[in-house]
Amino acid sequence: MPAIELRAVRKRFTQPRPLSAILRHPLRFERIQVLDGVDLSVPRGSLTGLLGPNGAGKTTLLRILAGSISPDAGELSLLGIDALRHPRRALGKLGVVLGDERSFFWRLTAEQNLQFFAALHDLHGKAAKQRIRELAQRFGLEGELGKAFRNLSTGWRHRLALARALLHDPEVLLMDEPTSGLDPGAAERACGFIAEQLVAKMGKTVLLATHKLDEARQICDRLALLARGHILYQGSASEALARTSELYADRAEEPA
């Protein structure tokens with residue numbers, strides 16, 4: 001049974017319009033098809049890269065998996081649970097790591113942030129403190145817990161985001177551009193941690209969205225190539241990398 005399985009998932013959004021266009025034609029709407037029948041299967045225990053150019057729909061797909069938006073059509077299962085019919089059961093097995101820090105409270109300390117998010121997962125008191133201590137030790141955050149989030153470096157913020165995602169010990173992790181904003185050395189260390197710690201040692205299933213080919217080549221054992229709203233190929237990383245030119249076929253045909 002796959003950790004994640006999507007069948008024929010579709011999503012479109014209404015295009016924003018300038019005020020003048022709205023006044024002229026208030027009932028006219030323009031929609032863009034972002035996902036157009038996506039089929040995706042992520043095996044348990046794998047580190048699968050969702051690779052595609054900017055604007056390919058990677059973040060939209062992850063947001064659907066994370067339950068923050070609903071698909072227009074299609075089926076979605078997480079560890080055998082129908083995530084559309086039983087979203088709370090499915091989301092309890094899922095952790096999410098975003099490429100930014102907008103969901104943290106900037107004036108609170110790192111520890112206070114983790115306590116808040118632990119409470120959202122029904123972790124309170126001694127149980128929450130123990131879990132935060134365990135994760136702080138694993139990520140080397142002990143010296144940063146008392147600092148305000150706004151005073152943490154980008155690298156420490158990324159580690160804190162990982163700790164937050166693991167508070168309830170989920171089996172599956174979604175990562176959206178996890179090395180965004182990191183310098184090359186820090187990005188390489190983050191990739192190594194994901195592959196060696198989260199997947200190899202902790203046994204997590206990771207679906208990682210990225211537009212960076214080198215990053216996908218470095219750590220992923222499987223790849224799904226997403227472009228123009230479709231999965232063009234999914235399978236072993238070595239075979240997928242030979243087809244990455246298909247991701248940018250349309251852009252190559254555009255005039256300079």
Trainee: Is it the case that over 12 heavy atoms from other parts of the model lie below 6.0 angstrom from the NZ atom of Lys212?
Mentor: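 Result for NZ/Lys212: enclosed.
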
Trainee: Using the rule that Ile, Leu, Val, Met, Phe, Trp and Tyr join whenever any side-chain heavy atoms are under 4.5 Å apart, tell me whether Leu152 and Phe104 fall into a single cluster.
Mentor: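 Yes; Phe104 is reachable from Leu152 via cluster members.
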
Trainee: Tell me whether Arg222 contacts the main-chain N or O of Gln234 through its side chain, where contact means a donor paired with an acceptor under 3.5 Å.
Mentor: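 No.
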
Trainee: Any sub-3.5 Å donor-acceptor pair from Gln112's side-chain atoms to Thr109's backbone N or O?
Mentor: yes

Trainee: Between the side chain of Arg12 and the main-chain N/O of Ile32, is any donor-acceptor distance below 3.5 Å?
Mentor: no

Trainee: Do Phe105 and Phe116 have their ring centres less than 6.0 Å from each other?
Mentor: yes

Trainee: Could you go step by step and tell me if Cys191 and Ile194 meet the side-chain contact (heavy atoms from CB on, under 4.5 Å) rule?
Mentor: CA-CA 5 Å; Cys191 286; Ile194 292 168; 5.5 Å; no

Trainee: Kindly check if the number of other-residue, nucleotide or ligand heavy atoms within 6.0 Å of CD (Glu5) is above 12?
Mentor: yes

Trainee: Look at the aromatic rings of His121 and His168 and report parallel, tilted or perpendicular, splitting at 30° and 60°.
Mentor: parallel

Trainee: When you compare the side chains of Thr59 and Asp176, does any donor N or O come within less than 3.5 Å of an acceptor on the partner?
Mentor: yes

Trainee: If you count the non-hydrogen atoms of other residues, nucleotides and ligands that lie under 6.0 Å from CZ in Arg85, is the total more than 12?
Mentor: no

Trainee: Would Leu47 end up clustered with Met1 when hydrophobic side chains under 4.5 Å apart are linked, directly or stepwise?
Mentor: no

Trainee: So which heavy atom on Ala237 is nearest to which on Cys220, and how close?
Mentor: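 Taking every non-hydrogen atom into account, CB-O, 3.4 Å.
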
Trainee: Can Leu61 and Ile64 be said to form a side-chain contact (heavy atoms from CB on, under 4.5 Å), step by step?
Mentor: CA-CA 5 Å; Leu61 193 151; Ile64 288 173; 5.8 Å; no

Trainee: With a 4.0 Å cut-off on N to O distance, would you call Arg7 and Asp39 a salt bridge?
Mentor: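 A salt bridge is absent here (no side-chain N lies under 4.0 Å from a carboxylate O).
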
Trainee: Can you name the closest pair of heavy atoms from Ala128 and Ala118 and give their distance?
Mentor: CB-CB, 4.1 Å

Trainee: Do side-chain atoms of Arg159 reach the backbone of Thr154 as a donor and acceptor pair under 3.5 angstrom?
Mentor: no

Trainee: Flag the pair Glu75 / Leu6 as yes when at least one side-chain heavy-atom distance between them is below 4.5 Å, and no otherwise.
Mentor: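 They are not in side-chain contact.
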
Trainee: Minimum heavy-atom separation for Ser103 and Arg164, please, with both atom names.
Mentor: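 Of all heavy-atom pairs spanning Ser103 and Arg164, the closest is OG-NH1, 2.6 Å.
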
Trainee: Drop me the distance from Leu62's CG to Leu50's CG, to the nearest 0.5 angstrom.
Mentor: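 It is 6.0 Å, given to the nearest 0.5 Å.
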
Trainee: Should Glu215 and Arg217 count as an ion pair when the cut-off is N to O under 4.0 Å?
Mentor: no

Trainee: Going by the rule ring-ring contact (aromatic ring centres under 6.0 Å, His included), which residues pair with Phe13 if we only count those two or more places apart in sequence or in a different chain?
Mentor: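 In terms of ring-ring contact (aromatic ring centres under 6.0 Å, His included), with neighbours along the sequence ignored, Phe13 is linked to no residue.
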
Trainee: Tell me whether Thr205 contacts the main-chain N or O of Gly45 through its side chain, where contact means a donor paired with an acceptor under 3.5 Å.
Mentor: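 A pair under 3.5 Å: yes.
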
Trainee: Looking at every heavy atom in both Ala66 and Val96, which two are closest together, and how far apart are they?
Mentor: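 Scanning both residues completely, I find the closest heavy atoms to be CB-CG2, 3.8 Å.
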
Trainee: Side chains of Pro170 and Leu166, heavy atoms from C-beta outward: is any pair under 4.5 Å?
Mentor: yes

Trainee: Does the His158 side chain pair with the main chain of Ser180, one donor and one acceptor, at a distance under 3.5 Å?
Mentor: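 Looks like yes, one N/O pair under 3.5 Å.
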
Trainee: When you compare the side chain of Leu78 with that of Leu65, does any pair of heavy atoms fall below 4.5 Å?
Mentor: no

Trainee: Side chains of Leu223 and Thr48: does their closest heavy-atom pair fall under 4.5 Å?
Mentor: no

Trainee: I'd like to know whether Glu196 forms a side-chain contact (heavy atoms from CB on, under 4.5 Å) with Lys201, so could you lay out the CA-CA distance, the side-chain angles of the two residues, the decisive distance to 0.1 Å, and finally the verdict.
Mentor: CA-CA 6 Å; Glu196 296 164 14; Lys201 289 190 176 180; 5.9 Å; no

Trainee: Would you check if Val9 and Leu40 make a side-chain contact, meaning some heavy-atom pair closer than 4.5 Å?
Mentor: no

Trainee: Drop me the distance from Arg133's CZ to Glu142's CD, to the nearest 0.5 angstrom.
Mentor: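 Result: 10.5 Å between the selected atoms.
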
Trainee: Taking the side chain as C-beta and beyond, is there a heavy-atom pair between Glu177 and His211 under 4.5 Å?
Mentor: yes

Trainee: Find the distance between CD1 (Ile69) and CG (Asp72) and round it off to the nearest 0.5 Å.
Mentor: 9.0 Å

Trainee: Is a salt bridge present between Lys204 and Asp169, judged by a nitrogen-to-oxygen distance below 4.0 Å?
Mentor: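 Yes, charged N to carboxylate O under 4.0 Å.
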
Trainee: Heavy-atom distance under 4.5 Å between the side chains of Glu144 and Leu141, does that happen here?
Mentor: yes

Trainee: Given 3.5 Å as the limit, does a donor-acceptor pair link the side chain of Gln130 with the main chain of Ile132, or not?
Mentor: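 No; zero donor-acceptor contacts below 3.5 Å.
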
Trainee: Would you give the length of the straight line joining atom NZ of Lys129 to atom CD of Glu134, rounded to the nearest 0.5 angstrom?
Mentor: 14.5 Å

Trainee: Keeping the roles fixed (side chain from Ser68, backbone from Arg63), state whether a donor-acceptor pair exists under 3.5 Å.
Mentor: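 Yes, the answer is positive, given that a donor and an acceptor are paired below the 3.5 Å cut-off.
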
Trainee: Kindly indicate whether the side chain of Phe139, heavy atoms from C-beta on, has any atom under 4.5 Å from the side chain of Leu160.
Mentor: no

Trainee: Give a yes or no on this: more than 12 heavy atoms of other residues, nucleotides or ligands lie within 6.0 Å of atom CZ of Arg138.
Mentor: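 Open: at most 12 neighbouring heavy atoms sit under 6.0 Å from CZ of Arg138.
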
